[in-house]
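Positions are given from 1 along the sequence.
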Amino acid sequence: LAVPGAGFVGRGGARRRPTPPLEWATGELDRLERDVALERVVPAVGTDRLASILREFTERRFSIPATRLTTSELRTACDVAGWPASRGEALRDLLDPCDRAKFAGDAPDANAALTLIFAARAWLAGIEPP
């Protein structure tokens with residue numbers, strides 16, 4: 001039985017544990033990488049998905065309302081939250097090409113989109129070591 005906002009309730013009332021932010025983001029990046037590599041999505045859509053993944057991860061992991069902020073506002077929020085400058089700058093460097101693809105029509109090709117996905121993985125690994 002699915003109860004909105006309550007997770008999965010199965011036999012015996014056991015709930016499925018929420019997926020940790022890093023595990024969730026890694027799974028999403030895996031799907032995105034596969035979709036871009038197999039040309040299931042155009043790179044512009046891929047970069048939009050990448051931005052959504054990074055923003056949602058930031059929101060889930062750090063409680064920064066990243067999905068409701070511009071990239072500039074998010075960078076400021078990261079500073080206010082006490083992030084090291086390099087972490088916030090790296091996030092901005094990942095989101096800037098996504099913004100250019102979405103708002104200026106400056107979409108990367110598939111190879112550049114995959115490179116951006118790999119950079120996002122490296123950023124996540126630097127925040128959340130295994």
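- Considering only heavy atoms from C-beta on, P108 comes within 4.5 Å of T47 through its side chain.
- Residues A25 and L124 come closest through the heavy atom pair CB-CD1, 3.9 Å.
- Residue T58 forms a side-chain contact (heavy atoms from CB on, under 4.5 Å) with just one option from L95, L91, T67, and that option is L91.
- In this structure, R55 contributes its side chain and L69 its backbone to a donor-acceptor pair below 3.5 Å.
- Side-chain contact check for E73 versus T76: every heavy-atom pair is 4.5 Å or farther apart.
- In plain terms, the two heavy atoms of P97 and L94 that are nearest each other are CD-O, 3.4 Å.
- Put simply, the side chain of E28 does not reach to within 4.5 Å of the side chain of F57, judged on heavy atoms.
- No donor-acceptor pair closer than 3.5 Å links the side chain of T26 to the backbone N or O of E23.
- Here the side chains of R68 and E59 are in contact, with some heavy-atom distance below 4.5 Å.
- Checked by atom type and distance alone, the side chain of W83 never pairs as donor or acceptor with a backbone atom of R75 at under 3.5 Å.
- Residues R40 and L32 fail the side-chain proximity criterion, which asks for heavy atoms closer than 4.5 Å.
- Smallest separation of non-hydrogen atoms from F118 and E33: CE2-OE2, 3.4 Å.
- Summarising the geometry of A77 relative to I64, their closest heavy-atom pair is CB-CG2, 3.8 Å, with the distance given to 0.1 Å.
- A 4.5 Å side-chain heavy-atom check between V45 and D35 finds every atom pair outside the cut-off.
- With respect to R92 and E89, no salt bridge is recorded, no charged nitrogen being found less than 4.0 Å from a carboxylate O.
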Side chain to side chain contact (heavy atoms under 4.5 Å, CB included), that's the test. Do I53 and W24 meet it? Break it down for me. CA-CA 9 Å; I53 292 165; W24 172 84; 4.1 Å; yes
Please evaluate residues D99 and T70 with respect to the criterion side chain to side chain contact (heavy atoms under 4.5 Å, CB included), reporting the C-alpha separation (whole Å), side-chain torsions for both, the decisive distance (0.1 Å), and the verdict. CA-CA 9 Å; D99 290 348; T70 66; over 6 Å; no
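- Salt bridge present: R60 and E56 bring a charged side-chain N and a carboxylate O closer than 4.0 Å.
- Taking every heavy atom of both residues into account, L116 and C98 meet most closely at CD2-SG, 4.0 Å.
- Using a 4.5 Å cut-off on side-chain heavy atoms (C-beta onward), V36 and R49 make no contact.
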